Enquirer: 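The following block contains the structure, expressed as structure tokens.
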Number of protein chains: 2
Amino acid sequence: MLKKERHDFIMRQINLHNRVLTSDLVQLLNVSEDTIRRDLQELVDENLLYKVHGGALSKSYHSSFDDSTVYARDSKIAIGKKAVRLIKDGMVVLTGGGTTILEFVKLLPQGISATFFTISPLVAVELAKYNNIEVILIGGLFSKNSQVTYGGQVITQLSEIKADLCLMGTSAIHPEEGLTDTYWEINQLKKAMLACAKRTAVLCISEKLDIALRLRVCPIESISYLITELDVDHESLSRYKEKELNIL
Amino acid sequence: MLKKERHDFIMRQINLHNRVLTSDLVQLLNVSEDTIRRDLQELVDENLLYKVHGGALSKSYHSSFDDSTVYARDSKIAIGKKAVRLIKDGMVVLTGGGTTILEFVKLLPQGISATFFTISPLVAVELAKYNNIEVILIGGLFSKNSQVTYGGQVITQLSEIKADLCLMGTSAIHPEEGLTDTYWEINQLKKAMLACAKRTAVLCISEKLDIALRLRVCPIESISYLITELDVDHESLSRYKEKELNIL
DNA sequence: CGCGTTTTTGCGTGTTTATGCAATAAAATA
DNA sequence: TATTTTATTGCATAAACACGCAAAAACGCG
């Protein structure tokens with residue numbers, strides 16, 4: 001492999017993941033640490049990345065990333081970390097859209113190998129950064145509000161999928177009313193997603209607990225996992241605990 | 001073997017594999033290293049390839065070096081502006097992916113009303129910013145490299161679409177060889193896209209002119225519009241003009 | 001044809017580049 | 001603080017390179 005190609009490879013990794021570990025590159029490229037260090041140094045000289053102890057970081061990552069604008073980002077990261085624990089190698093996972101799911105994707109471990117179906121283009125793009133994840137984007141009408149595909153075509157395609165786990169964000173959850181939503185189309189969509197997965201995990205920041213909206217997606221019993229940023233023993237969750245769903 | 005033949009051989013290797021090693025060429029062509037180096041140097045002088053220590057790389061292989069700063073952005077905006085002129089209210093348009101298409105989308109006039117099918121999630125997200133554009137994302141396997149959906153499912157769905165216009169980016173275009181590409185899946189995809197649109201516009205920055213890659217997508221006659229950043233009367237385009245396709 | 005010129009090619013020599021190794025220093029981690 | 005991990009530095013080696021030279025081939029032209 002030519003040096004230039006190695007540099008390109010490194011830059012791709014950086015642009016993709018915003019970071020690289022020296023040790024990873026040594027393995028991936030099959031060269032000595034020294035070579036990688038020299039490569040990184042040269043890329044630094046060209047002003048293409050930041051070098052840090054253990055690897056390198058993307059330059060753009062620090063300056064221009066609007067991660068901060070995500071509402072309640074810390075909570076969503078906490079939720080994401082818990083959700084990651086549910087993912088095992090070889091799984092077939094179906095995900096919805098939304099910023100919580102997006103944070104979850106960013107927290108997946110590098111080497112993970114799995115198949116992901118998703119109705120969210122942004123989630124697909126983020127998932128594509130993992131080499132061993134197969135990404136299938138479910139196509140259809142694209143919703144300007146929720147930034148996911150929806151409509152009959154999506155539901156038809158969902159009906160052909162059999163997933164081990166479905167991860168979905170939520171608009172509202174209530175101990176008695178279960179999962180609810182405001183829009184008919186999204187409601188239908190969620191029903192279809194639930195139907196095609198063995199188990200479903202609901203990612204839900206605490207402020208959406210105990211709310212019931214107009215349309216019912218499913219009773220609380222249809223959900224396998226409820227993931228919030230709260231401690232498992234937090235009192236807000238007590239009424240959900242009684243319902244025998246796993247709380248993370 | 002004549003020098004010219006050797007040069008052609010080298011260029012073929014480059015277009016095929018995006019790279020060549022000096023040592024390989026020495027073996028394959030049975031000449032001294034010096035000769036190969038001289039050959040490569042001459043090809044560099046003709047602006048046909050990129051020379052690096054150990055061999056040479058294709059010029060069109062800009063890799064995916066800088067994701068953050070779109071390569072040749074100005075040219076792509078110029079192309080985008082021209083492409084916008086083709087879009088009329090009420091049209092059904094099919095688009096591929098790539099940065100050129102993305103720039104085009106950003107340049108669309110606000111009020112425009114149309115239906116867009118696309119295989120690119122990023123394009124879909126961008127299109128969603130227009131209130132009167134209906135966006136249909138065609139789903140399927142998601143390609144990590146080209147960031148578009150591909151595969152049998154995509155092609156099946158494409159076959160059910162009838163679009164007025166197809167806009168696609170290009171890897172290479174050549175007056176005799178037509179549209180060509182390196183990857184089988186992308187090749188198939190482009191064929192399917194062409195087949196479902198009445199007319200096709202190819203968005204192509206000038207440096208991709210006169211290049212022929214391994215796999216043929218279609219002859220030049222199947223294309224309706226060729227859009228580059230160059231002036232219509234630029235001499236680089238003269239050989240395309242003869243082919244009676246519209247040049248913008 | 002003859003003869004000078006240009007082109008092409010390979011070889012020798014010295015230089016530069018790429019890469020790994022080893023010893024040491026610095027940083028992170030426990 | 002002790003220990004492990006990661007960095008730095010200098011050095012060695014092999015590969016790749018540049019340059020000049022010379023032989024051979026191709027060319028041009030009277």
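Within every chain, numbering begins at 1; the chains are lettered A, B, ... in the order of the sequence lines, protein sequences first and strands thereafter. Keep in mind it's a predicted model, so treat the numbers as computed, not measured.
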Enquirer: For DNA chain D, whose closest nucleotide is more 5', that of R38(A) or that of G55(A)?
Expert: G55(A)
Enquirer: Strictly below 4.0 Å, N to O, side chains only: are E103(B) and K81(B) in salt-bridge contact?
Expert: no
Enquirer: Picking from dT6(D), dA18(C), dG20(C), which would you name as closest to the side chain of S32(A)?
Expert: dG20(C)
Enquirer: From the list dC17(D), dT9(C), dT6(D), which nucleotide is the closest neighbour of the side chain of T22(B)?
Expert: dC17(D)
Enquirer: Any side-chain N or O of S23(A) less than 4.0 Å from the OP1 or OP2 oxygen of dT5(D)?
Expert: no
Enquirer: Indicate whether any N or O donor in one side chain lies under 3.5 Å from an N or O acceptor in the other, for S120(A) and Q147(A).
Expert: no
Enquirer: Taking 4.0 angstrom as the limit, do R239(A) and E242(A) come out as a salt bridge?
Expert: no
Enquirer: Closest nucleotide of DNA chain D for R37(A) versus for E33(B): which of these residues is on the 5' side?
Expert: R37(A)
Enquirer: Under 4.0 Å between any heavy atoms, over every strand shown, what does V26(B) touch: base, sugar-phosphate, or nothing? Just pick one.
Expert: nothing
Enquirer: Does dT8(D) have OP1 or OP2 under 4.0 Å away from a side-chain N or O of K51(A)?
Expert: yes
Enquirer: For dC17(D), does the base pair up with any side-chain atom of D34(B) as donor and acceptor (N or O, under 3.5 Å, distance only)?
Expert: no
Enquirer: Atom CG of L21(A) to atom C1' of dT5(D): distance rounded to whole Å?
Expert: 13 Å
Enquirer: Scan T228(A), I173(A), I223(A) and name whichever one has a side chain to side chain contact (heavy atoms under 4.5 Å, CB included) with Y240(A).
Expert: I173(A)
Enquirer: Counting heavy atoms from C-beta on, name the nucleotide in dA28(C), dT9(C), dA18(C) closest to the side chain of K3(A).
Expert: dA18(C)
